[in-house]
Amino acid sequence: MRVPVAAAPAAPAPPFAWRWVTPALVALAVALLATAGRYGYHRDELYFRMLPPAWGYVDQPPLTPLLARTMAALHNSVLVLRLPAVLLAVASTVAVTLLARELGGAARAQGLAAWGFGFGTFTLTFGHLLLTSSVDLLVWEVVVLVTVRAVRRGPRWWWVAGAVAGLGTTNKWLVGVLVVSLLVGLVVSGPRRVLASPALLGAAALAVLLALPDVVWQLRHGLPQLAMGRALAAGNATAVRLTTVPFLVIMVGPLLFVVVVAGAVRLLRAPAWRAYRFLLVALVVAVALTVVGGAQVYYPYGLLAPVFAAGCVPVAAWAERGAGGARRAALAVLVALHVVTNVVIDLPVLPVAVLARTPVPALNQTVRDTFGWPTYVAQVDAVVDTALAADPGTVVLASNYGEAGALVRFGRHPDVPVVSGHAALWDAGGPPAGTRTVVVVGGQLPQVATLFAGCRTVTRLANGTGVDNEEEGEPVAVCTGPTASWADLWPRLRHLG
């Protein structure tokens, strides 16, 4: 007769190892706070802080723009804007540490989980910048944690999973990938009996109820996020499908990779861990969905973390079994290298004068996207000065939301309208009806030029640091004489990617 898999190990979870975990949390918070004001805003941050209040946007739900707008209202500085990201990164590290504890990890395993995940590549990146992924970092790890608790401790934890997943939809619908991956994992590897729980059905209903406001908004506006997803895939799909797996292996670094492999082996081979094998299946499903969807390579990171947390338990046990402390010393060195390497690559610690001569900008696109905004705006302002002298009704047209957000944040002409056809900014409307002169910034100029009697390129953007990014070398032009009314022209300038 087949013996059913137990819902949980007989032993209670070890105590939370405050003395091992707290130093990692403090070090993470200090590293993020100390570097929060360096380099500059990320293009997404500039976008979020300028979006008007709304129940939703064509490219995302309202939560992260609300956070950015609130922090900008409190104090107009990049450091204050990023405080929620710091808290989210620290809280997600606590969640992963609790997951290692839930899987039987004692003090050393919990410490390894905190240092390893807290100073992981994407944890540092999403903790440094206020992005939608910063919120997802916490949402995903909490949902995974309470799912494991529902399997291990009882069905009441499904309610927490449903509430967090539902609230997560106010930030990004990517949480659906997490839910699907976990459910497939449970169906494929079990324990399937938990899927029959009335609490799980109730939690699903709760998640749907919490998601309903954004669902209604999406339906009323023609499901624009589906179009946004297609736009992302159109630009990224080939690269994502080719690089997702190698990118994850390279970017997690040697420490996380070794521990993730150990976690995968334990989940596959240890009979006592059979109830948690769904975590490994869920990771495989998330990678597969990312490859098929072709949007962003980092999406599976949230499900890489629980397999890493599982691996902390056998790796810590291996270190403790070593005679003379050699294994513990080797693990400590690996952790130290992990921390230092990722801090240098993922946080703005290098002097600006030398950054362009290092591989960091090539390895980390977010670094490139935080450079040059005040310098670019100063160059645009100089062109606007000349255009205003000839036509006081001049308007600035930015090709993307980063440029538009930078002009709103740093521009010297608050009375000059800044418009853009990119993403949700198109919905704010185009130039006033009588506009005859437009200063065009960025790569949309060839398209815009076909809509005017004449366009003259005045300068090209240059940040002066040697760090290349999307704006570097792009034109700033003055276009005059629109060939039709703005009511006819504005729909032709809309773009999502």
Side-chain angles (χ1 to χ4, degrees), residues 2-16 61 63 88 91-92 94-105 135-216 267 270-286 289 302-303 305-307 309-310:
R2 183 177 179 182
V3 178
V5 178
F16 189 77
L63 181 56
L88 289 163
S92 65
V94 172
V96 172
T97 304
L98 287 171
L99 184 55
R101 170 180 175 266
E102 202 70 29
L103 296 172
V135 178
D136 270 355
L137 195 66
L138 179 60
V139 169
W140 280 48
E141 304 318 330
V142 171
V143 170
V144 173
L145 171 64
V146 297
T147 297
V148 169
R149 286 189 171 183
V151 170
R152 183 177 188 273
R153 300 190 186 191
R156 68 185 184 278
W157 288 99
W158 286 127
W159 291 101
V160 182
V164 176
L167 291 172
T169 63
T170 65
N171 175 65
K172 198 157 58 175
W173 281 90
L174 188 65
V175 69
V177 171
L178 169 65
V179 172
V180 169
S181 299
L182 290 172
L183 289 176
V184 171
L186 287 167
V187 169
V188 170
S189 67
R192 298 180 188 90
R193 55 174 175 70
V194 302
L195 298 173
S197 168
L200 176 57
L201 296 176
L206 175 61
V208 170
L209 181 65
L210 292 171
L212 200 57
D214 193 64
V215 171
V216 171
L267 289 168
W273 283 38
R274 184 177 174 185
Y276 313 112
R277 193 172 297 166
F278 72 92
L279 295 172
L280 182 59
V281 177
L283 172 60
V284 174
V285 172
L289 290 174
L303 276 168
V307 181

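Owing to the predicted nature of the structure, the values given are computational and were not obtained by experimental measurement.
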* side-chain contact (heavy atoms from CB on, under 4.5 Å) against S189, all qualifying residues, sequence neighbours excluded ->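 Per chain and number, S189 pairs via side-chain contact (heavy atoms from CB on, under 4.5 Å) with R277, F278, V281.
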Minimum-distance pair of heavy atoms, taken over all atoms of [X] and [Y]:
| X | Y | answer |
| --- | --- | --- |
| V179 | A165 | CG2-CB, 4.2 Å |
| A211 | W173 | CB-CH2, 3.9 Å |
| W158 | A203 | O-CB, 2.9 Å |
| G104 | P14 | O-CG, 3.7 Å |
| L303 | S181 | CD1-CB, 3.7 Å |
| A163 | L210 | O-CD1, 3.5 Å |

Would you tabulate the side-chain donor-acceptor contacts of residues 136-148 under 3.5 Å, counting partners in other chains and residues two or more places apart, or write 'none'?
from	atom 1	to	atom 2	distance (Å)
D136	OD1	N171	ND2	3.1
T147	OG1	V143	O	2.7

* What pairs meet the salt bridge (Lys or Arg N to Asp or Glu O under 4.0 Å) rule with one or both residues in residues 142-151, with sequence neighbours excluded? ->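 Those involving residues 142-151 are E102-R149.
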* What do the steps show when you test V184 against V180 for side chain to side chain contact (heavy atoms under 4.5 Å, CB included), and what is the final call? -> CA-CA 6 Å; V184 171; V180 169; 4.2 Å; yes
Should [X] and [Y] count as side-chain neighbours, where that means a heavy-atom distance under 4.5 Å?
| X | Y | result |
| --- | --- | --- |
| V96 | P306 | no |
| L283 | L279 | no |
| P61 | T169 | no |

* Asked: What distance separates L201 CG from L206 CG, expressed to the nearest 0.5 Å?
  ->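 These two atoms lie 12.5 Å from each other.
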* **Between CG on residue D214 and CG on residue L63, distance to nearest 0.5 Å** =>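 D214 atom CG to L63 atom CG measures 11.0 Å (nearest 0.5 Å).
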* **Any donor-acceptor N/O pair, T170 side chain to L167 backbone, under 3.5 Å** =>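 A pair under 3.5 Å: yes.
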* To do: Quick one: do R152 and Y276 satisfy side chain to side chain contact (heavy atoms under 4.5 Å, CB included)? Show the steps, please.
  => CA-CA 9 Å; R152 183 177 188 273; Y276 313 112; 3.5 Å; yes
